[in-house]
Asks: 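Submitted below is the structure of interest, expressed as structure tokens.
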Amino acid sequence: MHFQWFPGHMTKAIRVMQEELKLIDLVIELADARIPLSSRNPEIDTLARDKIRILILNKRDMADSAETDRWIKKYEEQGYYTLAINARQRNELKAVTGMIRKAGEEKRLRDAARGIKNRPVRAMIVGIPNVGKSTFINSFAGRNSAKTGNRPGVTKGKQWIRLNSGKNGSAIDLLDTPGILWPKFEDQTVGLHLAWIGSIKDELIVHSDLALDLIEFLQMEHAGILEEHYGFVPEKDSVRVLEQLASARGCLSRGGEPDLEKAAFILLDDFRNARLGSITIEPA
């Protein structure tokens, strides 16, 4: 299966990012903790190469915690301020505020030297579709400041959000931007991983083909997980496993044949929502 999705609004979003970066002190990039490599747009590295960088591995509750720790260490060694969060848990976001203030300290000192006090730290929020940017901003700001949705491509325009100053310093201005992919995946494995977590529109995907690849991955890397969750002993052939799942969940066509598309949707939905467990697709 060939993966690619780059609608017109993403081209516009890249132009907006280029324009707004002149006003930005630091860039906060959200990635998915399950695929900390594939969920990072390489074009963001090019656009933000001269900016202070914070990398947040979101959905940490859906990933293997030991692997997430290894990824944090790896990215810190590359010069990123890095942490892992579950953006739905507002109590976890205090660490983000602290990291923004720490990363923005250099800017604050420069301002102070020029007699500028308490100018807000300006941060741009970037990331690919469906990594949880809007949920992050809503939780971080303490109100519904950005649209949210469980499908890619919900945020299509920029929006500034002011976070009030706390005891520890100036306010923080957050610029939300639409999720952007990149025009061409050089490695189709990247596209496969993005499709598994739902960052490519489902309308562009054959669910059964995607599920067959996922079954092969799970049987190779997480043996026993399908039997544990679905209650049947999976056969070796991935097509037969999908047929078993269809029968187990009553996904049958009018003629009594297994409906593989329905079964595939069930498997993908269970995987995307961590009902199969906390799984890191890409080990550090």
Side-chain angles (χ1 to χ4, degrees), residues 1-5 31-41 57-68 71 86 127-132 149-153 179 181 185-253 257-284:
M1 192 188 310
H2 183 78
F3 299 95
Q4 202 58 59
W5 179 49
D32 191 304
R34 295 169 293 181
I35 52 170
L37 189 60
S38 293
S39 61
R40 297 192 61 223
N41 185 340
L57 302 182
N58 191 27
K59 305 185 182 183
R60 67 165 187 79
D61 53 310
M62 296 183 175
D64 179 273
S65 59
E67 282 296 340
T68 299
W71 275 109
N86 172 6
I128 67 167
N130 215 34
V131 293
N150 59 357
R151 65 190 189 280
L181 292 172
F185 300 143
E186 298 296 339
D187 182 355
Q188 283 296 299
T189 301
V190 170
L192 178 65
H193 292 173
L194 291 173
W196 280 348
I197 68 166
S199 286
I200 296 177
K201 277 194 172 180
D202 277 340
E203 292 90 335
L204 306 176
I205 294 168
V206 179
H207 288 94
S208 55
D209 289 347
L210 190 62
L212 292 175
D213 288 329
L214 179 58
I215 288 169
E216 291 179 5
F217 165 77
L218 292 173
Q219 287 187 309
M220 182 178 298
E221 302 294 338
H222 299 275
I225 203 167
L226 295 173
E227 179 179 357
E228 180 181 345
H229 186 74
Y230 295 112
F232 60 81
V233 179
E235 299 190 24
K236 290 184 178 180
D237 181 72
S238 56
V239 175
R240 282 290 301 128
V241 174
L242 200 54
E243 290 173 347
Q244 287 178 288
L245 176 57
S247 297
R249 291 301 173 93
C251 301
L252 304 175
S253 63
E257 294 296 316
D259 188 326
L260 299 188
E261 276 295 297
K262 283 186 179 179
F265 182 83
I266 288 173
L267 175 63
L268 291 168
D269 191 61
D270 286 344
F271 179 77
R272 290 170 179 174
N273 289 284
R275 298 187 193 105
L276 302 182
S278 299
I279 297 172
T280 298
I281 299 169
E282 297 172 341

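Index from 1, following the sequence.
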Asks: Quick check on Phe265: does its CZ atom have over 12 non-hydrogen neighbours (other residues, nucleotides or ligands) under 6.0 Å away?
Replies: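 Not more than 12 within 6.0 Å, no.
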Asks: Given Cys251, which partner from the list Glu257, Glu261, Lys262 fulfils the side-chain contact (heavy atoms from CB on, under 4.5 Å) test?
Replies: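 One option only clears the test, and that one is Lys262.
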Asks: Among residues at least two apart in sequence or on other chains, which ones pass ring-ring contact (aromatic ring centres under 6.0 Å, His included) with His222?
Replies: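 Per chain and number, His222 pairs via ring-ring contact (aromatic ring centres under 6.0 Å, His included) with Phe217.
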Asks: I'd like to know if the side chain of Ser199 and the backbone of Ala195 have a donor-acceptor N/O pair within less than 3.5 Å.
Replies: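 Not a single qualifying donor-acceptor pair exists.
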Asks: Please say which of Val239, Leu267, Val241, Leu260 ends up in a side-chain contact (heavy atoms from CB on, under 4.5 Å) with Leu212.
Replies: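 Considering Val239, Leu267, Val241, Leu260, a side-chain contact (heavy atoms from CB on, under 4.5 Å) with Leu212 is found only for Val239.
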Asks: Is there a donor-acceptor contact under 3.5 Å from the side chain of Glu221 to the main chain of Thr280?
Replies: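 Judged by distance alone, no pair lies under 3.5 Å.
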Asks: What are the two closest heavy atoms between Pro234 and Gln244, and how far apart are they?
Replies: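 Smallest interatomic distance, heavy atoms only, reads CA-OE1, 3.4 Å.
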Asks: Check for a donor-acceptor pair, side chain of Asn273 on one end and backbone N or O of Asp269 on the other, with a separation under 3.5 Å.
Replies: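 Yes, Asn273 side chain to Asp269 backbone: donor-acceptor pair under 3.5 Å.
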Asks: Measure across Gly191 and Ile200 and return the closest heavy-atom pair with its distance rounded to 0.1 Å.
Replies: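 The answer is O-CD1, 3.7 Å.
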Asks: Tell me the closest heavy-atom pair linking Glu282 and Pro36, and the distance in Å.
Replies: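 Looking at all heavy atoms of both residues, the shortest contact is OE1-N, 3.5 Å.
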Asks: So, for Asn130 and Ile197, which heavy atoms are closest and what is the spacing to 0.1 Å?
Replies: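 Smallest heavy-atom distance, with atoms named: ND2-O, 3.5 Å.
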Asks: If you look at every heavy atom in Gly198 and Arg272, which pair is closest and at what distance?
Replies: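 That closest heavy-atom pairing would be N-NE, 3.6 Å.
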Asks: Quick one: does Ser278's side chain have a donor or acceptor within less than 3.5 Å of a partner on Asp61's backbone?
Replies: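 Yes, the answer is positive, given that a donor and an acceptor are paired below the 3.5 Å cut-off.
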